[in-house]
Amino acid sequence: MGNSALRAHVETAQKTGVFQLKDRGLTEFPAELQKLTSNLRTIDLSNNKIENLPPVVIGKFILLKSLSLNSNKLTVLPDELCNLKKLETLSLNNNHLRELPSTFGQLSALKTLSLSGNQLGALPRQLCGLRHLDVVDLSKNQIRSIPDLVEELQVIELNLNQNQISQISVKISCCPHLKVLRLEENCLELSMLPQSILSDSQICLLAVEGNLFEIKKLRELEGYDKYMERFTATKKKFA
């Protein structure tokens, strides 16, 4: 991409607070964005070939609310990313991430996190400290179980479709706000699904198609009627 074209994008972003440069084959985070650290609210660099984020620069976008880096080649995230105290939406689908920085819990304004299509092997513990986090997409990773710490999650929707989950902690029923749980195409036996999800949780949409049991068997479990009451009530509310 020519310098003049990039300069034009930077000049536009200076006025609008939005920098969008997708599908351009970029291998690096554009250095020119250093000039805009104090006025950008949105950055979208999806569908490029960026391998890392410059630690010194990335943490300086103090007004940034939305960062999209879907379909790049990121393997790690710098700790400095977690300085973005106003960040509400972070999209990192289809990269090569195996874990999140230990400081990730400092993204205190984060509401929506998308990490589909990465290489995470476990539910990230760092998500449990994020009080405003509403929606988390961890589909298409390599997660094998849902541990006890899940009860600390504040999310409304948790997408774990297309992982390798075979075990679920009964503590998932204690998630205070969890309404939508997506577990399609995992490795679940019906006996591994805690019955309390049906009888004692807030969950009103449970998606479990494509596991190691027939869906009709789910309807025979104790507590299924209670789940259906919640499902129907919610359906009416959004109809």
Side-chain angles (χ1 to χ4, degrees), residues 6 9-22 24 26-138 141 149 152-159 177:
L6 183 55
H9 277 278
V10 170
E11 285 172 7
T12 302
Q14 213 154 7
K15 297 168 191 164
T16 63
V18 176
F19 185 84
Q20 189 177 72
L21 205 57
K22 303 194 286 188
R24 297 301 177 98
L26 298 176
T27 55
E28 295 181 344
F29 190 87
E32 291 78 2
L33 293 189
Q34 291 187 52
K35 305 168 192 167
L36 305 177
T37 52
S38 58
N39 64 338
L40 280 188
R41 293 185 307 280
T42 300
I43 295 176
D44 189 348
L45 292 165
S46 296
N47 301 314
N48 282 292
K49 297 174 183 176
I50 297 168
E51 293 184 10
N52 51 56
L53 300 177
V56 176
V57 177
I58 197 67
K60 291 183 177 175
F61 291 95
I62 52 174
L63 297 182
L64 201 65
K65 288 194 169 187
S66 176
L67 176 60
S68 297
L69 288 154
N70 299 321
S71 300
N72 276 281
K73 296 187 174 183
L74 298 171
T75 54
V76 292
L77 300 174
D79 286 343
E80 288 78 1
L81 177 71
C82 307
N83 295 338
L84 305 178
K85 303 300 184 198
K86 292 188 183 287
L87 194 67
E88 295 178 1
T89 303
L90 178 58
S91 296
L92 297 163
N93 299 325
N94 303 317
N95 278 280
H96 307 293
L97 299 168
R98 293 177 182 273
E99 59 183 9
L100 299 180
S102 59
T103 52
F104 201 82
Q106 295 174 15
L107 290 172
S108 51
L110 200 62
K111 293 179 181 177
T112 304
L113 174 63
S114 300
L115 285 162
S116 179
N118 279 279
Q119 295 169 21
L120 298 171
L123 188 74
R125 178 180 294 274
Q126 299 92 317
L127 304 186
C128 295
L130 296 170
R131 298 291 156 208
H132 298 289
L133 196 57
D134 288 335
V135 179
V136 174
D137 185 354
L138 297 171
N141 277 279
L149 63 84
E152 298 172 40
L153 275 181
Q154 302 296 311
V155 297
I156 296 169
E157 179 171 344
L158 179 60
N159 186 344
H177 309 297

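What's counted below: heavy atoms across the whole structure, side chains too, no hydrogens, waters or symmetry copies. The structure presented is a predicted model; accordingly, all values stated were derived computationally and were not measured. Sequential numbering from 1 along the given sequence is applied to the chain's residues.
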- Message: L74 vs L97, test: side-chain contact (heavy atoms from CB on, under 4.5 Å). Steps then yes/no.
- Response: CA-CA 6 Å; L74 298 171; L97 299 168; 4.2 Å; yes
Contacts table for residues 119-133: side-chain donor-acceptor under 3.5 angstrom, sequence neighbours left out:
| residue | atom | partner | partner atom | Å |
| --- | --- | --- | --- | --- |
| Q119 | OE1 | R98 | NH2 | 3.2 |
| Q126 | NE2 | L100 | O | 2.9 |
| Q126 | NE2 | P101 | O | 3.1 |

Please identify each residue that fulfils side chain to side chain contact (heavy atoms under 4.5 Å, CB included) with [X], with sequence neighbours left out.
X: S66; value: T42, S68, T89
X: N93; value: N70, S114, S116
X: N47; value: D23, S71
X: K86; value: L63

Which side-chain N or O atoms in residues 27-40 pair as donor and acceptor under 3.5 Å with protein atoms at least two apart or in another chain?
| residue | atom | partner | partner atom | Å |
| --- | --- | --- | --- | --- |
| N39 | ND2 | Q14 | O | 3.1 |

- Give a yes or no on this: more than 12 heavy atoms of other residues, nucleotides or ligands lie within 6.0 Å of atom CD of E99.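 Not buried by this count: 12 neighbours or fewer within 6.0 Å.
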- Message: More than 12 heavy atoms of other residues, nucleotides or ligands under 6.0 Å from NZ of K49: yes or no?
- Response: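 At most 12 heavy atoms, drawn from other residues, nucleotides or ligands, come within 6.0 Å of this atom.
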[atom1] of [X] to [atom2] of [Y]: how many Å apart, nearest 0.5 Å?
X: S46; Y: R24; atom1: OG; atom2: CZ; answer: 13.0 Å
X: L158; Y: L113; atom1: CG; atom2: CG; answer: 10.5 Å
X: I43; Y: L69; atom1: CD1; atom2: CG; answer: 8.0 Å
X: T103; Y: N83; atom1: OG1; atom2: CG; answer: 7.5 Å
X: T112; Y: E157; atom1: OG1; atom2: CD; answer: 9.5 Å
X: I58; Y: L64; atom1: CD1; atom2: CG; answer: 7.0 Å

- Non-neighbouring partners of D44 that pass salt bridge (charged side-chain N to carboxylate O under 4.0 Å, His left out), sequence neighbours left out: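 D44 satisfies salt bridge (charged side-chain N to carboxylate O under 4.0 Å, His left out) with K22 once adjacent residues are dropped.
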- Query: Looking at residues at least two apart in the chain, or sitting in another chain, which of them share a salt bridge (charged side-chain N to carboxylate O under 4.0 Å, His left out) with E152?
  - Reply: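 Once residues adjacent in sequence are excluded, E152 has no partner under the salt bridge (charged side-chain N to carboxylate O under 4.0 Å, His left out) criterion.
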- Report yes if some heavy atom in the side chain of L77 is under 4.5 Å from a heavy atom in the side chain of L92; otherwise report no.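 The answer is yes, as the side chains (C-beta and beyond) meet within the 4.5 Å cut-off.
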- Query: Has the side chain of D134 got a donor or acceptor atom that lies under 3.5 Å from a matching backbone atom of V155?
  - Reply: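 It does not hold such a pair.
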Shortest non-hydrogen contact between [X] and [Y], atoms and distance:
X: K73; Y: N95; result: N-OD1, 3.3 Å
X: L84; Y: L107; result: O-CD2, 3.5 Å
X: H9; Y: Q20; result: ND1-O, 3.7 Å

- Are L67 and L81 close enough, and set up right, to give a side-chain contact (heavy atoms from CB on, under 4.5 Å), and what steps lead you there? CA-CA 10 Å; L67 176 60; L81 177 71; 3.7 Å; yes
- Counterpart residues, side-chain hydrogen bond (donor to acceptor under 3.5 Å, both in side chains), relative to D137 (two or more places apart):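 Partners of D137 under the side-chain hydrogen bond (donor to acceptor under 3.5 Å, both in side chains) test: S139.
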- Might you work through the side-chain contact (heavy atoms from CB on, under 4.5 Å) test for E80 and V56, ending with a clear yes or no? CA-CA 7 Å; E80 288 78 1; V56 176; over 6 Å; no
